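All remarks here apply to the structure that follows.
Note that ligands are numbered from 1 as they come in the structure, with each ligand's atoms numbered from 1 the same way. Please read these numbers as outputs of a predicted model, since none were measured by experiment. Heavy atoms only: backbone and side chains are in, while hydrogens, waters and symmetry mates are out.
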Amino acid sequence: MTQFSPSILTADFVHLERALQELEHAKADMLHLDVMDGIFVPNISFGMPVVASIRKATNLPLDVHLMIDRPHRYIRQFAEAGADSIGFHVEAGSDIETTLLAIKDYGKKTCLTIKPATPADAVFPFLPLCDMILVMSVEPGFGGQAFMENVLPKITQIRKKADSLGLPLDIEVDGGINLQTAPRAVKAGANVLVTGNVLFSAPDMAKRLQELRNITNPSHIN
Ligand code: DX5
Ligand code: ZN
């Protein structure tokens with residue numbers, strides 16, 4: 001079954017609690033939290049205090065996506081803020097193995113993340129240390145962008161590699177997921193989809209999430 005990780009990046013932060021309740025009611029599988037530092041990406045979003053507040057306001061697992069420079073410096077803070085999984089970019093300038101091991105030491109799930117132009121084999125050496133690989137299907141930094149179709153073969157390459165190693169890897173796709181692109185990402189091998197704009201632009205988030213579940217159901221895909 002496909003899992004859904006709604007991103008709150010485009011939520012109204014004054015009424016965030018309302019959005020969290022709505023997403024729980026919609027039976028989201030987890031919450032995707034986009035942390036941006038204005039250096040690794042051109043945008044700035046939020047940091048540890050917001051993650052810690054969200055932790056108190058919801059029981060949903062927190063899927064933290066760090067878009068920050070040299071992320072190894074902040075693993076402890078995000079673990080303590082209540083992240084359940086911590087994802088960081090291979091392009092962000094930290095030693096990858098050391099950072100994955102630090103995340104594991106805090107008892108958190110590890111997620112290695114790649115930008116659209118980074119090839120699949122950049123993550124291959126680290127797959128045994130990863131619970132999840134996040135494949136960006138837009139340039140990181142902003143919600144509401146168009147899905148880049150050319151990342152689909154990369155998702156399949158990573159799925160094949162994980163299968164050949166016997167690893168039960170989660171593959172998350174982030175950026176531009178909507179009713180058209182969601183089934184294509186799943187068909188390519190993804191099993192976790194980040195959903196930002198597709199939910200926050202919907203009149204009824206629960207109904208939209210159910211539509212996404214229906215069209216990504218295995219019986220619908222093949
Ligand atoms: C972009 C973020 C995404 C974004 C997804 O840098 O990593 O998580 O919020 O938003 P949509 O689903 O609107 O593309
Ligand atoms: Zn993200």
Side-chain angles (χ1 to χ4, degrees), residues 2-13 16 19-20 22-23 26 28-47 50-51 54 60-69 71 74 78 83-92 103 109-118 123 130-152 154-155 170-186 190-203 205 208-209 211-213 215-216:
T2 307
Q3 294 192 294
F4 290 90
S5 188
S7 162
I8 58 155
L9 191 60
T10 52
D12 172 356
F13 283 86
L16 190 55
L20 298 179
E22 231 184 298
L23 291 169
D29 298 287
M30 57 194 103
L31 268 188
H32 186 81
L33 303 182
D34 288 304
V35 175
M36 304 182 184
D37 66 353
I39 296 172
F40 181 69
V41 287
N43 200 4
I44 298 177
S45 58
F46 52 80
V50 173
V51 175
I54 293 172
L60 289 172
L62 303 183
D63 162 34
V64 173
H65 176 192
L66 298 179
M67 284 164 275
I68 64 176
D69 182 55
Y74 291 99
F78 283 100
D84 293 282
S85 85
I86 300 180
F88 66 96
H89 277 262
V90 298
E91 308 90 351
I103 296 170
K109 289 190 174 174
T110 53
C111 173
L112 195 53
T113 302
I114 48 175
K115 297 209 273 188
T118 303
V123 301
C130 296
D131 294 298
M132 183 154 82
I133 297 293
L134 190 165
V135 176
M136 292 294 309
S137 41
V138 297
E139 283 303 329
F142 300 91
Q145 304 182 72
F147 185 84
M148 296 168 75
E149 296 282 332
N150 60 358
V151 305
L152 290 171
K154 189 159 69 175
I155 298 167
D170 284 325
I171 301 182
E172 181 174 44
V173 176
D174 185 7
I177 290 294
N178 58 34
L179 294 164
Q180 286 72 45
T181 57
R184 294 214 278 277
V186 171
N191 68 317
V192 183
L193 301 180
V194 176
T195 49
N197 201 49
V198 67
L199 290 186
F200 281 89
S201 67
M205 292 209 279
R208 178 61 56 84
L209 191 54
E211 286 172 332
L212 286 159
R213 282 195 196 283
I215 57 164
T216 53

**Message:** Below the 3.5 angstrom mark, is there an N/O of Val198, backbone or side chain, next to an N/O of ligand 1?
**Reply:** no
**Message:** Rounded to the nearest 0.5 Å, what separates atom CE in Met136 from atom CD1 in Ile114?
**Reply:** 10.5 Å
**Message:** Are any of the N/O atoms on Pro140, whether in the backbone or the side chain, positioned under 3.5 angstrom from an N/O atom of ligand 1?
**Reply:** no
**Request:** Would you check if there is a donor-acceptor pair between the side chains of Asp63 and His65 at a distance under 3.5 Å?
**Result:** no
**Fill in**
ligand 1 to Met67, heavy atom cutoff 4.0 Å, flagged ligand atoms 6 (O), 7 (O)
**Subset of ligand 1 atoms that lie under 4.0 Å from at least one heavy atom of His65** = 7 (O)
**Message:** Checking one value in my table: which N/O/S atom of Asp34 lies closest to the Zn ion (ligand 2)?
**Reply:** OD1
**Message:** Quick test of your reading of the structure: of Pro6, Gly143, Gly196, Gly175, whose heavy atom lies closest to atom 12 (O) of ligand 1?
**Reply:** Gly196
**Item:** Atom pair CE/SG of Met132 and Cys111 - distance to nearest 0.5 Å
**Value:** 4.0 Å
**Asked** What heavy-atom pair brings Ala83 and Val64 nearest, and what distance separates the two atoms?
**Response** CB-CG2, 3.5 Å
**Prompt:** Going by the atom numbers of ligand 1, which of them fall below 4.0 Å from some non-hydrogen atom of Asp34?
**Reply:** 2 (C), 3 (C), 4 (C), 7 (O), 8 (O), 9 (O)
**Item:** Residue pair Thr10 / Asn197, side-chain donor-acceptor N/O under 3.5 Å
**Value:** no
**Asp174 contact mode with ligand 1 (heavy-atom cut-off under 4.0 Å)** = side chain
**Message:** If the cut-off is 4.0 Å to any non-hydrogen atom of Gly141, which atoms of ligand 1 fall inside it?
**Reply:** 1 (C), 6 (O)
**Main-chain N/O of Phe4 paired with Asp29 side-chain donor or acceptor, under 3.5 Å** = yes
**Message:** Please name the atom of Asp174, limited to N, O or S, that comes nearest to the Zn ion (ligand 2).
**Reply:** OD2
**Contact atoms of ligand 1, heavy-atom distance to Met36 under 4.0 Å** = 6 (O)
**Message:** Any nitrogen or oxygen of Gly176 lying under 3.5 Å from a nitrogen or oxygen in ligand 1? Just yes or no.
**Reply:** yes
**Prompt:** If you look at His65, which of its N/O/S atoms is nearest to the Zn ion (ligand 2)?
**Reply:** ND1
**Prompt:** Which protein heavy atom lies closest to atom 1 (C) of ligand 1, and at what distance to 0.1 Å?
**Reply:** Phe142 O, 3.5 Å
**Asked** What atoms of ligand 1 come closer than 4.0 angstrom to any heavy atom of Val194?
**Response** 8 (O)
**Asked** Which atoms of ligand 1 sit under 4.0 Å from any heavy atom of Leu9?
**Response** 9 (O)
